[in-house]
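Reviewing the structure listed below.
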Amino acid sequence: MLKKGSKLNSILTGTCPRCQNESMYVESNPYNLTTVLKMHETCGHCGLRYQLEPSFFYGAMYVSYGVNVAIGIAAFVIAYVFLHLNLKISFAAIVGSLVVLYPLVLRISRNIYINMFVSYEPSKK
């Protein structure tokens, strides 16, 4: 499932979508908020330029919206349906989960977005 060459591997690990040998991010810890979105200009292994065009990652905002909606629905269902908490606490669970997962969502959204446009090329190993 997470074999090298799969989109899921590149999305979850944050590696270059073309060669999957090197991380796209300068800092591996997404909770370091000063560098959460700081990326290398190019892949040091295959030379892929991550910013495919000016303002390329603005499109990741739409992906981020979808991921946040999924997290919010999941948090509500877990809190309200499975844990039988009242409505106010269930909505607080949504807000809490979105705040805690915000840095991860930022990176995952960028990873998903760039993987929509760049495919794995085994020859770039």
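In this text the structure is predicted, and so the values were computed from the model without any measurement.
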How many angstroms lie between atom [atom1] of [X] and atom [atom2] of [Y], to the nearest 0.5 angstrom?
X	Y	atom1	atom2	value
Ile89	His84	CD1	NE2	14.0 Å
Tyr50	Phe56	OH	CZ	12.5 Å
His45	Arg18	NE2	CZ	12.0 Å
Cys43	Gln20	SG	CD	10.5 Å
Phe57	Leu52	CZ	CG	6.5 Å
Ile94	Ile78	CD1	CD1	11.0 Å

For Tyr31, is the OH atom crowded, meaning more than 12 foreign heavy atoms sit under 6.0 Å from it?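 Yes - once you tally the heavy atoms of other residues, nucleotides and ligands closer than 6.0 Å, there are more than 12.
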
Are [X] and [Y] in one and the same hydrophobic cluster, where Ile, Leu, Val, Met, Phe, Trp and Tyr link if side-chain heavy atoms are under 4.5 Å apart?
X	Y	answer
Val67	Val100	yes
Val69	Val95	no
Leu83	Ile73	yes

Contact check, side chains of [X] and [Y], non-hydrogen atoms, under 4.5 Å:
X	Y	value
Thr15	Met24	no
Leu87	Phe76	yes
Leu48	Pro17	yes

Mind listing the side-chain donor-acceptor pairs of residues 101-111 below 3.5 Å, one per line with the distance, residues two or more places apart or on another chain?
{"from": "Arg107", "atom 1": "NE", "to": "Val36", "atom 2": "O", "distance (Å)": "2.8"}
{"from": "Arg107", "atom 1": "NH1", "to": "Glu27", "atom 2": "O", "distance (Å)": "3.0"}
{"from": "Arg107", "atom 1": "NH1", "to": "Ser28", "atom 2": "O", "distance (Å)": "3.4"}
{"from": "Arg107", "atom 1": "NH2", "to": "Glu27", "atom 2": "O", "distance (Å)": "2.7"}
{"from": "Arg107", "atom 1": "NH2", "to": "Val36", "atom 2": "O", "distance (Å)": "3.3"}
{"from": "Ser109", "atom 1": "OG", "to": "Ser64", "atom 2": "N", "distance (Å)": "3.4"}
{"from": "Ser109", "atom 1": "OG", "to": "Val105", "atom 2": "O", "distance (Å)": "2.7"}
{"from": "Arg110", "atom 1": "NH1", "to": "Leu37", "atom 2": "O", "distance (Å)": "3.4"}
{"from": "Asn111", "atom 1": "OD1", "to": "Tyr25", "atom 2": "OH", "distance (Å)": "2.8"}
{"from": "Asn111", "atom 1": "ND2", "to": "Ile11", "atom 2": "O", "distance (Å)": "2.8"}
{"from": "Asn111", "atom 1": "ND2", "to": "Arg107", "atom 2": "O", "distance (Å)": "3.4"}

Evaluate side-chain contact (heavy atoms from CB on, under 4.5 Å) for Tyr120 paired with Ser6, printing each intermediate quantity in order. CA-CA 7 Å; Tyr120 176 68; Ser6 71; over 6 Å; no

Check the pair Ile112, Val63 against side-chain contact (heavy atoms from CB on, under 4.5 Å), reporting the backbone distance first and the verdict last. CA-CA 7 Å; Ile112 291 170; Val63 176; 3.8 Å; yes

Whether Phe117 and Tyr113 hold their rings parallel, tilted or perpendicular, with breakpoints at 30° and 60°: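 Perpendicular: the ring planes of Phe117 and Tyr113 meet at over 60°.
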
Could you tell me whether the side chain of Glu22 and the main chain of Cys46 form a donor-acceptor pair under 3.5 Å?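 Such a contact is absent between Glu22 side chain and Cys46 backbone.
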
